[in-house]
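Beneath this line is the structure, given in structure tokens, with notes to follow.
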Amino acid sequence: MNADLSHSNPIADFVRNQGFCLLDGGLATALEARGCDLNDDLWSAKVLLENPGLIRDVNLDFLTAGADCIATATYQATLPGLRKRGLMEREATELLQESVRLATRARDEFWSRPENRSGRLRPLVAASIGPYGAYLADGSEYTGDYGIDESDLYAFHQRRWQILAESEADLLACETIPSRLEASVLLRLLDETPGRWAWISFSCRDGEHISDGTPLAAVVKECDRASRLAAVGINCTPPRFIPSLIEEARLATHGPVMVYPNSGEAYNATTKTWISTSTDIDVTHACTNWIRSGATVVGGCCRVGAQQIAAMRRRLTGDGEASG
């Protein structure tokens with residue numbers, strides 16, 4: 001990854017102008033707060049089929065909260081998963097495209113209001129690309145134990161990548177990537193898509209390793225060689241590991257490091273429930289330390305809603321920090 005924050009990197013202007021880029025929080029978390037039952041293999045993508053207007057509303061909520069970048073509802077919207085639900089190839093393709101349109105319309109509506117432009121840059125739309133494990137819906141995005149080879153992974157990702165790369169999204173967001181092998185496939189697809197930027201964020205098992213056991217510094221170093229990688233970092237990981245992981249990432253790159261962990265609760269992939277732990281960390285307070293430690297892109301993942309993103313923006317900009 002080029003250490004020089006070139007103006008063509010979609011994230012660069014935010015880092016230059018305000019010192020950080022603030023992502024949104026958990027889309028599924030926000031949808032569940034609005035009454036959606038996401039106990040489904042399609043997870044948040046289920047709402048694309050049933051009530052797409054809600055996704056637009058949630059996108060707007062995060063923008064209003066202060067997010068500089070919102071993600072589309074395509075994390076778990078895969079072509080095989082949508083076909084399994086009964087959609088034809090053309091219908092599944094259209095659904096992916098519509099997800100991007102929902103987010104861009106929300107962004108454009110938000111930006112059309114003069115009061116939203118004060119002290120802000122025009123927010124970005126990132127087309128979310130989840131790992132193969134998200135399609136399996138068995139928790140393997142936290143292990144990387146897929147039982148398939150590189151060619152199978154490439155075949156799985158290639159068509160969705162192409163559809164989203166041809167969309168109106170500002171960049172592609174490869175999220176919760178658990179394995180070195182899957183990262184190499186995504187970097188290959190990025191290399192095959194001239195003019196497109198992407199980020200890669202990994203799920204991590206502890207303060208030094210991604211989920212398949214590869215040292216984070218080693219995989220970040222491999223990512224660092226890629227062109228048009230806007231940022232690299234960590235998501236969907238307990239916040240207690242984030243300080244160490246930032247340090248590991250900084251050892252391997254001078255480019256933007258991103259962190260958007262879970263709320264601190266532990267996820268049980270078998271029961272699909274969240275459990276409070278004694279090591280919970282308040283991400284709204286921790287975000288300023290992440291920036292001081294060397295991250296430049298921050299936000300939240302599962303169990304982090306618009307209220308927490310608003311609190312993070314206040315702290316990052318110094319508004320109300322004394323009372324926070």
Side-chain angles (χ1 to χ4, degrees), residues 23-63 67 69-110 124-141 155-177 235-236 267 269 271-274 300-306:
L23 306 180
D24 58 7
L27 176 66
T29 297
L31 289 169
E32 287 174 331
R34 286 176 171 265
C36 296
D37 179 4
L38 302 184
N39 187 17
D40 189 280
D41 285 352
L42 290 179
W43 202 34
S44 56
K46 170 190 176 188
V47 186
L48 275 176
L49 291 167
E50 297 178 352
N51 193 351
L54 267 184
I55 291 173
R56 171 196 160 279
D57 293 344
V58 166
N59 288 153
L60 272 172
D61 286 346
F62 280 122
L63 291 167
C69 180
I70 54 172
T72 63
T74 48
Y75 175 85
Q76 210 143 331
T78 66
L79 294 174
L82 293 170
R83 285 195 297 265
K84 189 186 296 185
R85 190 53 59 90
L87 275 68
M88 303 294 290
E89 182 83 10
R90 176 186 56 79
E91 294 170 319
T93 298
E94 171 61 25
L95 198 68
L96 291 173
Q97 294 168 335
E98 177 61 13
S99 178
V100 177
R101 287 193 291 266
L102 287 167
T104 54
R105 287 171 189 156
R107 186 269 312 279
D108 293 346
E109 179 181 338
F110 173 82
L124 303 172
V125 171
S128 177
I129 296 176
Y132 180 68
Y135 159 65
L136 297 178
D138 61 358
S140 57
E141 63 261 56
F156 170 79
H157 280 293
Q158 194 272 336
R159 179 59 183 147
R160 177 172 60 165
W161 179 286
Q162 180 184 26
I163 293 166
L164 295 176
E166 293 173 353
S167 75
E168 303 172 73
D170 297 294
L171 73 168
L172 307 181
C174 306
E175 307 184 281
T176 326
I177 306 305
N235 80 296
C236 219
Y267 183 66
T271 62
K272 297 184 178 181
T273 57
W274 291 90
C301 201
C302 298
R303 309 288 281 182
V304 177

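Annotation: side chain of Ile129 is in contact with side chain of His157 (closest heavy-atom distance under 4.5 Å). Here the side chains of Cys174 and Trp161 are in contact, with some heavy-atom distance below 4.5 Å. Considering only heavy atoms from C-beta on, Asn235 stays 4.5 Å or farther from Leu23 through its side chain. Between Thr72 and Val125 the shortest side-chain heavy-atom distance falls below 4.5 Å. With contacts defined as side-chain heavy-atom distances shorter than 4.5 Å, the pair Gln76/Asp40 does not qualify.
In terms of heavy-atom proximity, Ser140 sits nearest to Gly133 at OG-CA, 3.2 Å. Closest approach of Tyr135 and Thr78 over heavy atoms only: CD1-OG1, 3.4 Å. Listed here is the closest heavy atom pair of Asp24 and Ala71: OD2-N, 2.9 Å. Closest approach of Ala77 and Leu48 over heavy atoms only: CB-CD1, 4.4 Å.
To the nearest 0.5 Å, the span separating CD1 on Ile70 from OG on Ser128 amounts to 12.0 Å. For the atom pair CG (Leu82) and CD (Glu94), the distance works out to 12.0 Å, reported to the nearest 0.5 Å.
Residues passing the side-chain hydrogen bond (donor to acceptor under 3.5 Å, both in side chains) test with Glu109, sequence neighbours excluded: Arg56, Arg113. Considering only residues two or more places apart in sequence or on other chains, Glu89 meets the salt bridge (Lys or Arg N to Asp or Glu O under 4.0 Å) condition with Arg83. Remark: Gln97 engages no residue in a side-chain hydrogen bond (donor to acceptor under 3.5 Å, both in side chains) (not counting sequence neighbours). Judged as a salt bridge (Lys or Arg N to Asp or Glu O under 4.0 Å), and not counting sequence neighbours, the contacts of Arg107 are Asp170. Residues satisfying the side-chain hydrogen bond (donor to acceptor under 3.5 Å, both in side chains) test with Asp108, not counting sequence neighbours, are Arg122. Arg34 is linked by a side-chain contact (heavy atoms from CB on, under 4.5 Å) to Leu54, Asp57, Val58, Asp61, counting only residues two or more places apart in sequence or in another chain.
By the 4.0 Å N-to-carboxylate-O rule, Glu98 lies close enough to Arg105 to be salt-bridged with it.
Under the 3.5 Å distance criterion, the side-chain polar atoms of Arg160 are matched with a main-chain donor or acceptor of Thr74.
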